[in-house]
Participant: 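This structure is in structure tokens; I'll ask about it shortly.
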Amino acid sequence: MNRGHLIAGLALLAGTTAQAQSIMLLNVSYDPTRELYTQYNKAFGAHWEKTTGQKITFQQSHGGSGGQARAVIDGLEADVVTLALAYDVDAIAAKGLIATDWINRLPQNSAPYTSTILFLVRKGNPKKVKDWDDLVRKDVKVITPNPKTSGGARWNYLAAWAYGLKKFNGDEAKTAAFVGDILKNVPVLDSGARGSTMTFAERGIGDVLLAWENEAFLAFDEFGKDKFEIVAPSLSILAEPNVAVVDKNVDKKGSRKVAEEYLKYLYSDEAQDIIGKNHYRPRDPKAAAKYKASFANVTLITIDDVFGGWQKAQKIHFAEGGTFDKIYKPGN
Amino acid sequence: MSMPGAGLTARLAPAAVQAARSESPWLRWALCGVTFAFLGLFLVLPLVTVFVEAFSKGTEWYWNALIDPVTIASIKLTLLIAAVSVPLNTVCGLAAAWAITKFQFRGKSILITLIDLPFSVSPVIAGLVFVLLFGLQGWFGPWLRDHDIKIIFAVPGIVLATVFVTFPFVARELIPLMQDQGMGDEEAARVLGASGWQTFWRVTLPNIKWALLYGVLLCNARAMGEFGAVAVVSGHIRGLTTTMPLHIEILYNEYNLAAAFAVASLLALLAMVTLAAMTVLEWRAAQSRDLPAETD
């Protein structure tokens, strides 16, 4: 059909990726970061070309964080991963593709931006959803993705759990029942955060969407402020989406230098401003101050304080036979 | 005793047929109505929506959505996938149909069942099979990586998944026809001194050409439209491993509805061209069947 393409395909078959002048950089990311990295890639491409004279061809892949990690483990040759949470990067590290000390290689747990979980409700808040307590009401339909595949969903679940622990003074059984009651109100579990946003915003299903802060604001931007309202619960979780160079892949492709700089530059003034503009919370105090007004004022707990870190949280809650499997019964 | 009775039926017959044909016109009418209403509601209306939504921002915008470099890359990839998998499945499907209908051998029924396997297996599983085989954690993954060969999350994997899913189309079209035709023509050709190749090109192929083309078109339509199996092995790298169906989903998920529908309309258009080609083929096939019947 197309001769050039056919040759390109054959070249791929032979494994001789033709890269004379421009470097390829594949960033495997989670669902809601599409807009962020589209803008960041432009900025970084210009920065890299100015300092080295090389052009970069960026390749992006997006999907539920857990599924994306799985793809990298199965051989998707990502130079860098920018996923929703530490556990998914750990899962790749456990297969030997990333050094196990990855979290200490960049400042602030290798998370150049943070976010949190908020509620997105329909305009006028017809169901009067104010806090996590309202999510267990029989008349409220809750939209959240599947914690098995989505990073955002795991943050949602843990935020609800943290609220339950506080409400019931640390009583695990009552907290489990509380989170189970919320899950009973979920009509559909999408595989990624963006799928859930589409279910809620485009298809009009549900009364409240448990969403990444940035995802909630993006829905605002895309669908207009006259359709939705953002509700900040009394307590939520500090989400740290982590980034890491995939060591095995960059060493094979010879792209370590550009991959490392790609992640390091996320901490630069320019990148931090792009981050704030896209409704992620910047780490840099200057950018954080600039965008402070655009973020919800919520009390944030951390995964380390309440759950003892991701490894533990994953094992107790999301592994096969964990609390999620015990309390989630589809179809009721 | 029986003669008058038979005469009666004979006399009555045309009237009875007439009655059967004209019986309850409302039933005929109702059936046609239901069919058209159903087709309109579930097929035509959604298809129209695709085009309405695609042009919702005007023709210039529509054109710009289509000439976006990532969209062009997805169109090229889709055509490439079809260009590789359709010929491959045509040759293999023909060979399988030939073997099954013209020869006797052990395990024939197993072969027929195997041909149908891609129809009965969910496309997602078809995709996962290749991940399990060629993924980094799979059987051949580490070896492939050591030798710098990319199968899944690259074009070869998408081709493999598509070939798997679309394999039965050609064979399934040919087998019933070739079974019907039997070996008579071929045997006659051989007796008259034709070689194997001559028999194939001059006798067998002309006999099956319409069914073969029909199978090829069906195969092509599915190859371009396959989503499930391809989604599993693609890796979703924009502009590199995203076929048109995958690209449509990505655009939709990026709030880019008009662009998503613009690409969808193009895919729908390709499907409709296929459909039109098939209609023409059926008509031609019917004609070529009628022709010898008249000379008989």
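Letters A, B, ... mirror the listed sequences (proteins, then strands); counts begin at 1.
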Participant: Measure A:Ala78 against the heavy atoms of chain B and call it side chain, backbone, both or neither at under 4.5 Å.
Facilitator: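 Contact with chain B is absent: no heavy atom of A:Ala78 under 4.5 Å.
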
Participant: In this structure, are over 12 heavy atoms from other groups packed under 6.0 Å from A:Lys95 atom NZ?
Facilitator: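 Incorrect, the count does not exceed 12.
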
Participant: Which bit of A:Phe58 is near chain B, if near means a heavy-atom gap under 4.5 Å: side chain, backbone, both or neither?
Facilitator: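 Neither part; nothing is under 4.5 Å.
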
Participant: So do B:His236 and A:Gln60 actually touch side chain to side chain, heavy atoms under 4.5 Å?
Facilitator: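 The answer is no; the side chains never approach within 4.5 Å.
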
Participant: Does B:Glu254 come within less than 4.0 Å of A:Arg194, counting only side-chain N to carboxylate O?
Facilitator: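 No salt bridge links B:Glu254 with A:Arg194.
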
Participant: Flag the pair A:Lys253 / B:Asp148 as yes when at least one side-chain heavy-atom distance between them is below 4.5 Å, and no otherwise.
Facilitator: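 Of all side-chain heavy-atom pairs linking B:Asp148 with A:Lys253, none is under 4.5 Å.
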
Participant: Rounded at 0.5 Å granularity, tell me how far CE in A:Met24 sits from CD1 in B:Ile237.
Facilitator: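 A:Met24 CE to B:Ile237 CD1: 9.5 Å, rounded to 0.5 Å.
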
Participant: Would you compute the distance between atom CD1 of B:Ile152 and atom CG of A:Leu76 and round it to the nearest 0.5 angstrom?
Facilitator: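 Going from CD1 on B:Ile152 over to CG on A:Leu76, the span is 8.5 Å.
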
Participant: So for A:Leu26, is it side chain, backbone, both, or neither that comes closer than 4.5 Å to the heavy atoms of chain B?
Facilitator: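 When you check distances to chain B, only side chain atoms of A:Leu26 fall under 4.5 Å.
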
Participant: Do B:Tyr255 and A:Asp221 pass the side-chain contact (heavy atoms from CB on, under 4.5 Å) test, and can you show the C-alpha distance, the side-chain angles, and the key distance before you say yes or no?
Facilitator: CA-CA 10 Å; B:Tyr255 300 97; A:Asp221 294 348; over 6 Å; no

Participant: Would you name the heavy atoms of B:Gly235 and A:Ser61 that are closest together and state the gap between them?
Facilitator: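 Closest approach of B:Gly235 to A:Ser61, heavy atoms only: O-OG, 2.6 Å.
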
Participant: Give, as side chain, backbone, both or neither, the part of B:Ile250 having an atom under 4.5 angstrom from any heavy atom of chain A.
Facilitator: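 The answer is both parts of B:Ile250.
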
Participant: Distance from A:His62 atom NE2 to B:Arg238 atom CZ, nearest 0.5 Å?
Facilitator: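 Between A:His62 NE2 and B:Arg238 CZ, I get 7.0 Å after rounding to 0.5 Å.
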
Participant: Would you compute the distance between atom CZ of A:Arg34 and atom CG of B:Asn256 and round it to the nearest 0.5 angstrom?
Facilitator: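 A:Arg34 atom CZ to B:Asn256 atom CG measures 11.0 Å (nearest 0.5 Å).
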
Participant: Quick check: do A:Asp74 and B:Phe153 have side-chain heavy atoms less than 4.5 Å from each other?
Facilitator: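 They are in side-chain contact.
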
Participant: When only pairs under 4.5 Å are counted, which of B:Thr241, B:Val159, B:Asn253 shares the most heavy-atom pairs with chain A?
Facilitator: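 The residue among B:Thr241, B:Val159, B:Asn253 with the greatest pair count is B:Asn253.
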
Participant: Check B:Tyr252 against A:Met198 and note the closest heavy-atom contact, atom names and distance.
Facilitator: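 Scanning both residues, the minimum pair turns out to be O-CE, 2.7 Å.
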
Participant: For A:Arg70 and B:Gln137, work out which heavy atoms get closest and say how close.
Facilitator: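 Heavy-atom minimum between the residues: NH2-CG, 4.2 Å.
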
Participant: In this structure, are over 12 heavy atoms from other groups packed under 6.0 Å from A:Lys42 atom NZ?
Facilitator: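 No, NZ of A:Lys42 has 12 or fewer neighbouring heavy atoms, counting only those of other groups under 6.0 Å.
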
